[in-house]
Structures are given as C-alpha cells and as structure tokens.
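Chain A is the first sequence line, chain B the second, and so forth, proteins listed ahead of strands; every chain is numbered from 1.
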Amino acid sequence: MKKPKELLSAFEKSVYEATAKIPCGRVTTYAEIARKIKKPGSARAVGNALNKNPFAPKVPCHRVVKTDGTVGGFASGSEKKKVILKKEGIQFNNEKILHFNEKFIKL
DNA sequence: GTCGTGACTAGCC
DNA sequence: CGGCTAGCCACGA
C-alpha cells in the first residue's frame, strides 16, 4: 500500500469544508472563512483554494464575496457568479451586493 | 530556500 | 468614488 498522496493541502480542505457550510440565500467573506479555519489573515490563500475548487459544485464558491460587499472574483466569471447568487435570492447593484449585511452569515 | 503569483484587506490621497 | 500601496498567507516552479 502506497501512501495516498494528498492532492490538496489541509489548509485548502478546510477552506472547502467551511465554504460547503454556507446555506442557500446567504453569503460570506473570504476573511470569515479564513477566520473560521483558524487562519485569520489568510483571505488571500482562501481565494487561491477556491480558485482551484476541485469540489465544485459541491462547494458553493459563488457564495463567497469580498468584505466590502463586492462579488470579488470567480473562476467562470464574476457575471456568472452574480447570476447564480441572484437565483439564490441575493440581489446586486453592479458589482455590489444589496442588503449585504443582511445576507452575510458569520461562520 | 527563494521568487512570483493570486477569486484579499485596510489605509491613504 | 476611484486609484495606488503595503501587508498578509499559501502554493508551485
């Protein structure tokens, strides 16, 4: 038996796990996910993990946005991200989320 | 071990 | 509001 090589680092797994916990119709921020996994300040690394997102669509990476209420980025395009979130019940004003404080869920 | 890159954040002008 | 800088972390080459 050979050692099952880790395709992903523990850090990235934690990111997907935390992201998968986001309920429908709600959004969270990269910083909150980073905080949730006990690695505050690693918002940038969180973005890197979601960009790879090998668990998509199991992991709703589109529910993760920036701290200022903007959609941030998305592997398939920020436009697509907004469309998906609109279907979830989130509304937008250009790149900005409406009622962000209301939709934002703290992990 | 070092460098470059990135879906980030906060501060400053 | 828009644009720029510096700081931050993790990964791949």
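Residue pairs meeting the side chain to side chain donor-acceptor pair (under 3.5 Å) criterion with at least one partner in residues 54-65 of chain A, sequence neighbours excluded, are A:R63-A:E88. A ring-ring contact (aromatic ring centres under 6.0 Å, His included) check over residues 83-107 of chain A, counting only residues at least two apart or in different chains, returns the pairs A:F100-A:F104. Sorted by first and then second residue, the salt bridge (Lys or Arg N to Asp or Glu O under 4.0 Å) pairs with a member in residues 97-107 of chain A form an empty list; sequence neighbours excluded.
The residue A:A45 sits close to a base: some heavy atom pair falls under 4.0 Å.
Taking a 4.0 Å limit (strictly below) on heavy-atom distances, residues 95-107 of chain A does not reach DNA chain B anywhere. In the region residues 46-82 of chain A, proximity to DNA chain C at under 4.0 angstrom, judged on heavy atoms, holds for A:N48, A:K52. Proximity of residues 11-38 of chain A to DNA chain C (heavy atom under 4.0 angstrom from any strand atom) is restricted to A:F11, A:E12.
Judged as a ring-ring contact (aromatic ring centres under 6.0 Å, His included), and not counting sequence neighbours, the contacts of A:Y16 are A:F55.
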Only pairs under 3.5 Å count here: list side-chain donor-acceptor contacts from residues 7-15 of chain A, not counting sequence neighbours, and write none if there are none.
{"residue": "A:E12", "atom": "OE2", "partner": "A:K52", "partner atom": "NZ", "Å": "3.2"}
{"residue": "A:K13", "atom": "NZ", "partner": "A:E6", "partner atom": "OE1", "Å": "2.7"}
{"residue": "A:S14", "atom": "OG", "partner": "A:A10", "partner atom": "O", "Å": "2.9"}

Below 3.5 Å, can you tabulate the donor-acceptor pairs from side chains in residues 64-84 of chain A to any protein atom, sequence neighbours excluded?
{"residue": "A:D68", "atom": "OD1", "partner": "A:T70", "partner atom": "N", "Å": "3.4"}
{"residue": "A:D68", "atom": "OD1", "partner": "A:T70", "partner atom": "OG1", "Å": "2.7"}
{"residue": "A:K81", "atom": "NZ", "partner": "A:V64", "partner atom": "O", "Å": "2.5"}
{"residue": "A:K81", "atom": "NZ", "partner": "A:V71", "partner atom": "O", "Å": "2.8"}
{"residue": "A:K81", "atom": "NZ", "partner": "A:G73", "partner atom": "O", "Å": "2.9"}
{"residue": "A:K82", "atom": "NZ", "partner": "A:N94", "partner atom": "O", "Å": "3.0"}
{"residue": "A:K82", "atom": "NZ", "partner": "A:E95", "partner atom": "OE2", "Å": "2.7"}

Distance-only check: which donor-acceptor pairs under 3.5 Å involve side-chain atoms of residues 24-34 of chain A, not counting sequence neighbours?
{"residue": "A:T28", "atom": "OG1", "partner": "A:I105", "partner atom": "O", "Å": "3.4"}
{"residue": "A:T29", "atom": "OG1", "partner": "A:E32", "partner atom": "N", "Å": "3.2"}

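Nucleotides of DNA chain C lying under 4.0 Å from heavy atoms of chain A occupy a range whose first and last members, 5' to 3', are C:dG7 to C:dC11.
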Q) In dot-bracket form, how is DNA chain C paired, counting a Watson-Crick or G-U wobble pair only if both its distances are under 3.5 Å and using | for bases paired to another strand? A) .||||||.|||||
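For the pair A:N93 (side chain) and A:K96 (backbone), a donor-acceptor distance under 3.5 Å is absent.
Closest non-hydrogen pair, A:L50 versus A:C61, comes out as CD2-CB, 4.1 Å. Contact record, A:A20 with A:P60: CA-CD, 3.7 Å, taken as the closest heavy-atom pair.
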